[in-house]
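One structure is given below, encoded as structure tokens.
Chain naming here is simple, since letters A, B, ... match the order of the sequence lines and numbering starts at 1 in each.
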There are 2 protein chains.
Amino acid sequence: MPHLAFPNSTCDGFRCETHCAVRPLAICGELEQVEHEEFERLAQHVRYGAKEALFSEDEVADAVYSLVEGIARLYKLLPDGRRQIIGFALPGDFLGMAPSARYSFSADSIGGVTVCKFFRGPFLRFIENRPHMLMRMNEFATRELSLAQDQMLLLGRRSAEEKVAAFLVGWRDRLARLEGVTKTVSLPMGRQDIADFLGLTIETVSRTFTKLEREKLIVIVPDGVRVLDPKRFDALAAA
Amino acid sequence: MPHLAFPNSTCDGFRCETHCAVRPLAICGELEQVEHEEFERLAQHVRYGAKEALFSEDEVADAVYSLVEGIARLYKLLPDGRRQIIGFALPGDFLGMAPSARYSFSADSIGGVTVCKFFRGPFLRFIENRPHMLMRMNEFATRELSLAQDQMLLLGRRSAEEKVAAFLVGWRDRLARLEGVTKTVSLPMGRQDIADFLGLTIETVSRTFTKLEREKLIVIVPDGVRVLDPKRFDALAAA
DNA sequence: AAGGAAGCTTGACACAGATCAAGGCCGCTC
DNA sequence: GAGCGGCCTTGATCTGTGTCAAGCTTCCTT
């Protein structure tokens, strides 16, 4: 078991020598040196192992999180256990803002995850008189909202094949922002997660992957897919 | 034709004698006298007739809107015409923020609508050094995002009957904030709008209304429904 | 290297909701 | 008040996706 990171270990109190790679993309990306140092002092750097809860729906929302490394799934459950994944969080994403005193969804790590954790009070006090920071929060919220609206269109009005294609294209483009453009799209989440994101069953997702492969649009590889015909593929995802 | 209001008529330049009823709920609800007067000077009060476009997806997003009176539908279209309504806007709602230079959805009036319209530049200049205003924008965005996430759960994981029940309960509760609690829920939007909001066809919506009426949960009245058994009804909407 | 568990794929069948088609109920206009 | 158009409802049938049930692959453990 390489690189065992025990949960909730922190490295605040000393200067982390590893430079935060996603800083420009994150909520704190436009802070200047001095302000950023003050901001850093509010943060706890927390590491989670695979499949751990960062927070859960209906818990008191006492902290917000900036994802530094790894991938998280964000989801809501119905009383009978049906699950809807409302998004996958990538490095740079900001999590945990809620319209009430409690979280409105749950978040857990897929593989290993590192976050900057901020307690609500100090965080709010830091931002409340910093317009630039508030503007940045607004940009983040607006982008999230727009993604959510795209997903509503997908969930309400697209066929299974369109859903899967649009998911792969969207995921590829989000990864491209972080890692640059690649032919192979890595899929760290499982088929069930994809199904719960797209409002499908795992069987339908599996069949649709197979179908796209038969149609020579993709090749299924371990933990991902290779897109063969980006042109035709983007068209399918858009339509 | 009573009260004919021709589109795009404005009343800025003189003090509107009618007091803005939804002010406390709106984006400007916490501005003090002096600041509010400055803010008002940026606004155009615009009146729209029924079924007019406030703005359309992919247009340059040169203005934002605070809805004062009436109801708007917000929606996205696929190239082949399939439509997803992403929300209904009520008085007090704030519209038109986009993550890029263009609107990410379309908005049009259902019946008559009055808005405060702000051009982007002056609006941004007004808020950029007013932390209270920025905080309020954040609250609005966070609430919208949470509603969008609820809707994803509905679209992806609920049955037709659950969708209709949850819609009626959600709509009733939003109206209650404005008009107080009532037994009769007014539905100014048509069946097709409800279908496009819930990811169903108009026939399924119609059949489901009829089914709920047969089961003695509601009575269908002109332009609305009366909820007979709120207990049982809320349960159906939650489950 | 064998055994097992977890995740993925495939097949047969069922069903919720879509589609196609007709008819009813207003509220206009003339 | 007759005729028309928009909206809504209802019925018959179809179909995409869900459900149920095996079987397969991969990888981890021992």
Close N/O contacts between protein and nucleotides 13-15 of chain C (under 3.5 Å):
none

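For A:D234, the salt bridge (Lys or Arg N to Asp or Glu O under 4.0 Å) partners at least two apart in sequence or on another chain are A:R172. Contacts of B:D196 classified as salt bridge (Lys or Arg N to Asp or Glu O under 4.0 Å), with partners at least two apart in sequence or in another chain: A:R157, B:R83. With sequence neighbours left out, B:E203 forms a salt bridge (Lys or Arg N to Asp or Glu O under 4.0 Å) with no residue at all.
For the pair A:I220 CD1 and D:dT26 P, the interatomic distance rounds to 12 Å; values are reported in whole Å. Atom CZ of B:R191 is separated from atom P of C:dC25 by 15 Å (rounded to the nearest Å). One atom, CG of B:D223, and another, C1' of C:dC26, lie 11 Å apart when rounded to the nearest Å. Taking atom CG on B:L154 and atom P on C:dG17, their separation rounds to 12 Å, with Å as the unit.
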Show me the donor-acceptor pairs, under 3.5 Å and distance only, between side chains in residues 215-225 of chain B and residues at least two apart or in other chains.
none

Show me the donor-acceptor pairs within less than 3.5 Å that the side chains of residues 89-99 of chain B make with the rest of the protein, sequence neighbours left out.
residue: B:D93; atom: OD2; partner: B:L90; partner atom: N; Å: 2.8
residue: B:D93; atom: OD2; partner: B:R174; partner atom: NH2; Å: 2.8

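The ring pair (Phe, Tyr, Trp, His ring centres under 6.0 Å) analysis of residues 65-84 of chain B, with sequence neighbours excluded, yields the pairs B:F55-B:Y65. Applying the ring pair (Phe, Tyr, Trp, His ring centres under 6.0 Å) rule to pairs touching residues 204-239 of chain B yields nothing, sequence neighbours excluded.
With rounding to the nearest 0.5 Å, the separation of OG in A:S104 from CD in A:E57 is 7.0 Å.
The aromatic rings of B:W171 and B:F88 lie perpendicular to each other, with more than 60° between the two planes, well past the 30° mark.
Using a 4.0 Å cut-off between charged nitrogen and carboxylate oxygen, B:E162 and A:R82 count as a salt-bridge pair. The residues A:D229 and A:K231 are annotated as not salt-bridged, no charged nitrogen and carboxylate oxygen being separated by less than 4.0 angstrom. For A:R73 and A:D108, the salt-bridge test passes: some basic side-chain N is under 4.0 Å from an acidic carboxylate O.
Side-chain contact of A:R47 with A:T114: a donor-acceptor pair under 3.5 Å is present, judged by distance alone.
A heavy atom lying under 4.0 Å from DNA chain C marks the following residues of residues 203-218 of chain A, by number: A:E203, A:S206, A:R207, A:T210. The stretch residues 76-84 of chain A has no heavy atom under 4.0 angstrom from DNA chain C at all. Applying a 4.0 Å cut-off to non-hydrogen atoms, the residues of residues 192-202 of chain B that approach DNA chain C are B:G199, B:L200, B:T201, listed by residue number.
Overall bending of the helix from C:dA1-D:dT30 to C:dC30-D:dG1, expressed as the angle between end axes built from five pairs apiece, is 40° (10° steps).
Between A:S159 and A:P222, the residue anchored closer to the 5' end of DNA chain D is A:S159, taking for each the nucleotide with the nearest heavy atom.
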